[in-house]
Amino acid sequence: MTNPDPRWALIERLPKAELHLHIEGSLEPEMLFDLAARNAVAIPFGSAEEVRAAYSFSNLQDFLDIYYQGMSVLLTEQDFFDLTWAYLARAAADNVRHVEIFFDPQGHTMRGVGFTTVLNGIEAALKRAQAELGITYRLIMCFLRHLSEEDAFATLAMAEPHLERIHGVGLDSSELGHPPSKFARVFARARALGLHVTAHAGEEGPPEYVREALDLLKVERIDHGNRALEDAELTQRIAAAAITLTVCPLSNLRLCVIGEMAQSPVQRMLDAGLKVTINSDDPAYFGGYVNDNFRTVAEALDLGPAQIVELARNSFTGSFLPIAEQARHLAEIDRAARG
Ligand code: HPA
Ligand code: ZN
């Protein structure tokens, strides 16, 4: 028998933070089915296997159409609690110690689900995970970029009574045709309220969208950022400013952002001195959680242990945790890296 690759044990043992996770994208087909039955919501599938078979996408929009359809089963605070708790239990199994979770309030309020129903359910699970699983968290509210600036402002207004419970804002959904500039004023308001700011950019959109996210939205992180690599000057700037990129390898593959895992930008980003992290994005739809993403990219790019450790370190130094807490996790990473 051959010895297993020691990198797999390293990946499992390393403490990690997940910085790019849409909680609605962690809705596994089995839970989709259970919630559809519980809430008497009709779904166009006969079994969880049929649902999985439908998860074949040729681009971001293909996925988003199914993702918004999946959300239709989420109605009550309990539903949002169950969804979030299932993700956190799964993350704990991957030795994830800190999560910065995205949620899409507009995907729910537009269906008549109350903003506080969503927030209460998600937060209750996060608080329980902090107490019982030792996972710390930040909560990031995303604006759907295919909707209007006005709609984003209205959503921010709904969040304002709850600012001690929401830590940041992000920008997601259909990227092409919806540049960051569309939301410059909303993000200015969010920053003025003391919220952290991040945005999806350069997943399908051009390097110019990444530049706009930096210059106009003044983001602290870039979610994805793949296409920044097409622009050498921009790449250098992101490296010099130590802006964290939250890359999602399995998502990139399943949304055809890359043709095969060997084309993942992770190695090129590391080589360019970029602060890259590994994340699962929408794990129920893309076929893997954080450790699956680490393994697939380490295998395809032949990453060594030092690079795997660097990716785990970046997940904490790129987080919104205070420096002292980051340092505590980094010390644990050093211990885990020594084996
Ligand atoms: N990109 C844009 N919007 C999204 C994504 C993504 O990867 N996942 C969920 N909403
Ligand atoms: Zn995403």
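Every number for a ligand or one of its atoms is a count from 1 in the order of the listing. Numbering of residues begins at 1 and proceeds along the displayed sequence. In this text, all values refer to a predicted model and were calculated from it rather than measured experimentally.
For Phe80 and His108, the distance between ring centers is under 6.0 angstrom.
The ligand atoms of ligand 1 that sit less than 4.0 angstrom from a heavy atom of Glu203 are 1 (N), 2 (C), 6 (C), 7 (O). Heavy-atom contacts of Leu64 reach the following atoms of ligand 1: 3 (N), 4 (C), 10 (N) (cutoff under 4.0 Å). Heavy-atom contacts of Phe63 reach the following atoms of ligand 1: 8 (N), 9 (C) (cutoff under 4.0 Å). Residue contact check: Ser173 has heavy atoms under 4.0 Å from atoms 2 (C), 3 (N), 4 (C) of ligand 1.
His22 has its closest N, O or S atom to the Zn ion (ligand 2) at the position named NE2. Asp281 has its closest N, O or S atom to the Zn ion (ligand 2) at the position named OD1.
Looking only at atom types and distance, the side chain of Gln78 has a donor-acceptor partner in the side chain of Asp82 under 3.5 Å away.
Phe320 does not carry Arg138 over the face of its six-membered ring by the limits of under 6.0 Å from the centre and within 45° of the normal.
Considering both main-chain and side-chain atoms, Asp104 never comes within under 3.5 Å of ligand 1 through any nitrogen or oxygen pair.
Each of His200, Arg145, His22 was scored for a side-chain hydrogen bond (donor to acceptor under 3.5 Å, both in side chains) with Asp172, with one residue passing: His22.
A salt bridge is defined here as a Lys NZ or Arg NE, NH1 or NH2 lying under 4.0 Å from an Asp or Glu carboxylate O, and Arg227 with Glu175 fails to meet this definition.
Taking the six-membered ring for Trp and thresholds of 30 and 60 degrees, Phe286 and Phe57 have ring planes more than 60 degrees apart, a perpendicular arrangement.
In summary, His200 places an N/O/S atom under 2.8 Å from the Zn ion (ligand 2), meeting the contact criterion.
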